[in-house]
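Since the model is a prediction, treat every value here as computed from it, not as a measurement.
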Amino acid sequence: MTRDWLAEFRSYLRVEKGLATNSVLAYMRDLQKLAAFAAARSREVATLDRESLEEWSRELRQQGLGARSLQRAHVSARGFYRFLLQDRAIAEDPTEKLQAPRSARPLPRFLSRDEVERLLSQPEPSTPRGARDRAMLELLYASGLRVSELVGLTVAQCNLRLGIVTCMGKGSKERVVPMGRAALESIKAYLDEPRAALLGHHASNHLFVSRLGARLTRQGFWKILRAYGRKTGIRKALAPHVVRHSFATHLLENGADLRSVQMMLGHADISTTQIYTHVTRERLKQIYRKYHPRA
């Protein structure tokens with residue numbers, strides 16, 4: 001009986017590597033395309049060689065796959081064949097000399113400080129939903145959490161006495177992030193009565209809840225954020241990661257060191273955080289061109 005290598009790799013990613021569900025799904029989407037490519041040629045995916053993978057890459061490009069998506073597909077294939085090599089299912093890694101396409105990394109979009117202030121002032125804290133939304137927006141900007149981390153927070157993970165939140169990031173890695181005074185006060189106000197009003201007779205250990213006590217979803221928060229963005233008049237395509245980018249950019253603009261920002265964002269590699277230094281340099285150039293008489 002032929003072993004289901006894709007299923008075994010999925011278990012490996014989830015159990016041994018501890019990857020988040022969304023990351024595992026992204027890997028499997030790419031590898032299912034690879035498996036379909038192999039099946040169309042009456043091959044098992046584990047038997048493909050470098051020439052076959054190059055053909056697969058060309059086929060993906062012809063189908064209109066962008067450079068970044070193609071790059072991710074190469075990463076998925078490389079991880080899969082290294083797993084097979086480690087398990088001694090293959091004698092050599094066919095991706096070892098496979099050239100991945102290079103793509104220019106776009107600079108993160110972020111809000112100006114004025115835009116952030118306008119956004120944070122939108123929710124009406126006199127209503128239960130408004131108090132919740134104010135607390136969520138304040139905490140998002142104060143901590144730079146990912147949206148999945150934000151909506152996944154429990155009441156116990158928010159230490160109001162110390163002014164910190166403990167969250168589970170990518171790969172189920174725990175990290176502690178401080179929150180500012182404004183976020184702290186907004187969360188205290190939300191926990192006072194508004195959260196109980198949203199819960200009604202229901203119980204939940206999640207910090208941010210929707211009506212009837214259900215946990216607020218990522219999609220639900222995206223809709224809330226976009227609605228406030230429209231009311232504010234922010235023309236940028238507003239998403240939670242834009243606020244996260246704003247958190248990092250504003251910290252660096254005010255003199256925070258890169259390593260500290262890396263720890264707060266939960267980046268495994270500091271090279272991921274370094275993209276924000278490009279943002280601040282570009283911003284300095286813009287300021288120079290705007291204000292220097294001989295720019």
Side chains of Ser260 and Asp257: do they bring a donor and an acceptor to under 3.5 Å? yes

Partners of Tyr81 by ring pair (Phe, Tyr, Trp, His ring centres under 6.0 Å), sequence neighbours excluded? none

Could you measure the distance from the CD atom of Gln122 to the CD1 atom of Ile234? Nearest 0.5 Å is fine. 8.5 Å

Measure the CG-CG distance between Leu258 and Leu251 for me, rounded to the nearest 0.5 Å. 11.0 Å

Answer yes or no: is there an ion pair linking Arg129 with Glu124, defined by an N-O contact shorter than 4.0 Å? no

Between Glu138 and Arg134, does any side-chain N to carboxylate O distance fall below 4.0 Å? no

Is there a side-chain contact between Val155 and Asn205, using heavy atoms and a 4.5 Å cut-off? no

Nearest non-hydrogen partners of Pro108 and Tyr276, listed with the distance: CG-CE2, 3.9 Å

Arg3 side chain reached by Asp87 side chain, heavy atoms, under 4.5 Å: yes

Quick check: does any side chain N or O of Thr47 sit under 3.5 Å from a backbone N or O of Glu44, one acting as donor and the other as acceptor? yes

With a 4.5 Å heavy-atom cut-off, do Phe110 and His250 have their side chains touching? yes

Between Glu149 and Arg146, does at least one N-O distance fall below 4.0 Å, as a salt bridge requires? yes

Please determine which of Leu216, Val209, Ile187 meets the side-chain contact (heavy atoms from CB on, under 4.5 Å) test together with Arg132. Leu216

Ile90 vs Pro94 side-chain heavy atoms within contact, under 4.5 Å: yes

Centres of the Tyr190 and Phe208 rings: under 6.0 Å? yes

In terms of hydrophobic clustering (I, L, V, M, F, W, Y; side-chain heavy atoms under 4.5 Å; direct or indirect links), are Ile270 and Val261 co-clustered? yes

Any luck finding a side-chain donor-acceptor pair between Thr273 and His267 under 3.5 Å? yes

Below 3.5 Å, can you tabulate the donor-acceptor pairs from side chains in residues 13-40 to any protein atom, sequence neighbours excluded?
residue : atom : partner : partner atom : Å
Asp30   : OD1  : Arg72   : NH2          : 2.8
Asp30   : OD2  : Arg72   : NE           : 3.0
Asp30   : OD2  : Ser76   : OG           : 2.8

Any salt bridge linking Arg10 with Asp4? Criterion: basic side-chain nitrogen under 4.0 Å from a carboxylate oxygen. no

If we ignore hydrogens and angles and just use 3.5 Å, is the side chain of Ser69 paired with the main-chain N or O of Leu65 as donor and acceptor? no

The test is side-chain hydrogen bond (donor to acceptor under 3.5 Å, both in side chains); show your working for Asp269 and Thr272 and say whether it passes. CA-CA 6 Å; Asp269 193 329; Thr272 309; 5.4 Å; no

Taking the ring centre of each residue, are Phe83 and Phe9 less than 6.0 Å apart? yes

Within one Ile-Leu-Val-Met-Phe-Trp-Tyr cluster: Ile164 and Met263, side-chain cutoff 4.5 Å: no

Verify the distance criterion only: is there a donor paired with an acceptor across the side chains of Asp114 and Ser112 at less than 3.5 Å? no

CG on Asp133 to OG on Ser186, rounded to 0.5 Å: 11.5 Å

Please round to the nearest 0.5 Å and tell me the distance separating atom CG of Leu191 and atom CG of Leu160. 6.0 Å

Check this for me, if you would: do Arg78 and Glu96 make a salt bridge, where the nitrogen-to-carboxylate-oxygen distance has to be below 4.0 angstrom? no

Checking Ser57 side chain against Leu53 main chain: does a donor-acceptor pair fall under 3.5 Å? no

Quick one: does Val116's side chain get under 4.5 Å of Val243's, heavy atoms only? no

Under 3.5 Å, is there a donor-acceptor pair linking the side chains of Thr95 and His74? no

